[in-house]
Colleague: 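Take a look at this one; I'll ask things after.
These numbers come from the heavy atoms of this one structure, side chains and all, not from hydrogens, waters or symmetry mates.
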Amino acid sequence: MQRLRVRYTKRGRLRFTSHRDISRAVERALRRADVPVAFSAGFSPHPKISYVGAAAPTGVASEAEYLEISVTRECDPEQVRAALDASLPAGLDVVDVVEAGAGSLADRLECSAWELRLPGADPAVAGTAVERFLAADHVEVERLTKKGMRRFDAREAVLSLTVFEGTETTAGQASSQPCVILRMVVRHATPAVRPDDVLAGMRLVADFAPPVPPEVTRLAQGPLDAHTGEPADPLDLDRDNTRGGEAEPASRHVDGDI
């Protein structure tokens, strides 16, 4: 049995799709693409698909969501990528598939890079709020979780936070309207610190609140690169292991089939 690791996106209007609906769409797409997915044993067999890491919340776009698929025979990762991408609706786009190497993919997802577009926000006020948030030792916020109301430090997990001006987007479409953009790198922790927690912290330390809900996108997630301070590609290690240092495909082509 072979395991494949898949990076997919959630773009445009598909950002409003729930994780359960995405799971159903992936299962249907795998059947349409004729990918030989392995099934569990027992009275209620189910496809061996595991979603890795915390899924981007409903309403949040993402360029870096991950899942693993077990298949019953060796498949060419690039052919699986193309077939699965063609079988999914536009917006759920499969951008990378590699053969799984050693180690846990979940352990490599140490941090996420996020972008928040804040239409109508004042750049000067946003800049002051960012400075005050970064200068604080602790910024405690509250959020309702599955275990009830939790109070935690939103500052410690934030590795970087910058502000600049850009243009507004709506459902993935750019416009000419200016807006404030926040970019942050947040270390994965328990409980997870989300972009809305950082905004809540900025409201506490600087009374900064965007006039409308932000447009949030996860740009990347992976191991923290000490040189760039950004998430590195978590699939690079799988590519290195399977290629053995050579510029060859991760898996050999098998009889022209997936």
Side-chain angles (χ1 to χ4, degrees), residues 10-12 15-16 53-65 109-226 228-231:
K10 190 171 63 161
R11 296 169 172 160
R15 70 184 188 273
F16 297 110
T58 302
V60 173
S62 178
E63 292 294 311
E65 301 297 293
L109 304 184
E110 298 175 345
C111 61
S112 287
W114 299 91
E115 178 181 277
L116 289 73
R117 292 178 178 265
L118 312 177
D122 185 297
V125 176
T128 299
V130 166
E131 291 175 0
R132 292 183 180 177
F133 182 87
L134 292 175
D137 292 328
H138 302 281
V139 181
E140 290 195 345
V141 300
E142 287 186 337
R143 187 178 76 230
L144 185 63
T145 69
K146 293 180 180 179
K147 296 183 179 180
M149 190 65 71
R150 294 286 301 274
R151 187 174 182 85
F152 54 92
D153 181 13
R155 173 64 186 89
E156 183 180 6
V158 178
L159 303 175
S160 66
L161 177 60
T162 56
V163 58
F164 56 96
E165 291 186 66
T167 55
E168 184 180 345
T169 62
T170 302
Q173 301 297 317
S175 75
S176 59
Q177 297 298 318
C179 72
V180 170
I181 298 177
L182 299 180
R183 284 190 180 166
M184 63 185 74
V185 176
V186 180
R187 189 186 300 277
H188 295 173
T190 303
V193 174
R194 306 187 313 200
D196 54 317
D197 298 320
V198 177
L199 283 179
M202 292 170 62
R203 184 169 60 250
L204 289 173
V205 300
D207 197 27
F208 172 73
V212 297
E215 303 167 9
V216 184
T217 301
R218 172 148 52 193
L219 301 176
Q221 60 174 325
L224 178 64
D225 188 315
T228 66
E230 298 279 336

Colleague: Might you point out which heavy atoms bring A157 and V193 nearest each other, and give the distance in Å?
Modeller: CB-CG2, 3.8 Å
Colleague: Could you grab the distance from atom CZ of R150 to atom CG of D197, nearest 0.5 Å is fine?
Modeller: 11.5 Å
Colleague: Flag the pair L219 / R183 as yes when at least one side-chain heavy-atom distance between them is below 4.5 Å, and no otherwise.
Modeller: yes
Colleague: Out of curiosity, R151 CZ to E142 CD, how far, rounded to the nearest 0.5 Å?
Modeller: 5.0 Å
Colleague: Once you round to the nearest 0.5 Å, how far does CZ of F16 lie from NZ of K10?
Modeller: 9.5 Å
Colleague: Restricting to non-hydrogen atoms, name the atom on C111 and the atom on L159 that form the minimum distance, rounded to 0.1 Å.
Modeller: CB-CD1, 4.5 Å
Colleague: Could you tell me the separation between the OG1 atom of T162 and the CG atom of L182, rounded to the nearest 0.5 Å?
Modeller: 7.5 Å
Colleague: Please report the closest heavy-atom contact between P57 and R194, naming both atoms and the distance.
Modeller: CG-CD, 4.5 Å
Colleague: One thing to verify: whether E63 and R11 come together as a salt bridge, which I'm taking to mean a side-chain N less than 4.0 angstrom from a carboxylate O.
Modeller: yes
Colleague: Restricting to non-hydrogen atoms, name the atom on F133 and the atom on V158 that form the minimum distance, rounded to 0.1 Å.
Modeller: CE2-CG2, 3.8 Å
Colleague: Please give me the minimum heavy-atom distance between V139 and D153, naming the atom from each residue.
Modeller: N-OD1, 2.9 Å
Colleague: With no hydrogens and no angle check, is any side-chain donor or acceptor of E230 less than 3.5 Å from a backbone partner on A113?
Modeller: no
Colleague: Report yes or no: does E215 contribute a side-chain atom to a donor-acceptor pair with the main-chain N or O of R117 at less than 3.5 Å?
Modeller: no
Colleague: State whether the side chain of D225 and the backbone N or O of P231 hold a donor-acceptor pair below 3.5 Å, judged by distance alone.
Modeller: no
Colleague: State, to 0.1 Å, how close P195 and W114 come at their nearest heavy-atom pair, and which atoms those are.
Modeller: CG-CD2, 3.4 Å
Colleague: Closer than 4.0 angstrom, basic N to acidic O: yes or no for E65 and R218?
Modeller: yes
Colleague: Can you tell if the side chain of F208 reaches within under 4.5 Å of the side chain of V180, non-hydrogen atoms only?
Modeller: no
Colleague: Quick one: pull up CG in L118 and CE in M202 and give me the separation to the nearest 0.5 Å.
Modeller: 7.5 Å
Colleague: Determine yes or no for a side-chain-to-main-chain donor-acceptor pair under 3.5 angstrom, with R132 supplying the side chain and A135 the backbone.
Modeller: no
Colleague: Do other residues, nucleotides or ligands put more than 12 heavy atoms under 6.0 Å from D207 CG?
Modeller: no
Colleague: Tell me whether E156 at atom CD has more than 12 heavy atoms from other residues, nucleotides or ligands lying less than 6.0 Å away.
Modeller: no
Colleague: Are S112 and V186 packed together at the side-chain level, in the sense that at least one heavy-atom pair is separated by less than 4.5 angstrom?
Modeller: no
Colleague: With a 4.5 Å heavy-atom cut-off, do R15 and T217 have their side chains touching?
Modeller: no
Colleague: Mind checking the CE-CZ spacing from M149 to R143? Nearest 0.5 Å is all I need.
Modeller: 10.5 Å
Colleague: Do R155 and L134 have side-chain heavy atoms sitting under 4.5 Å apart?
Modeller: yes
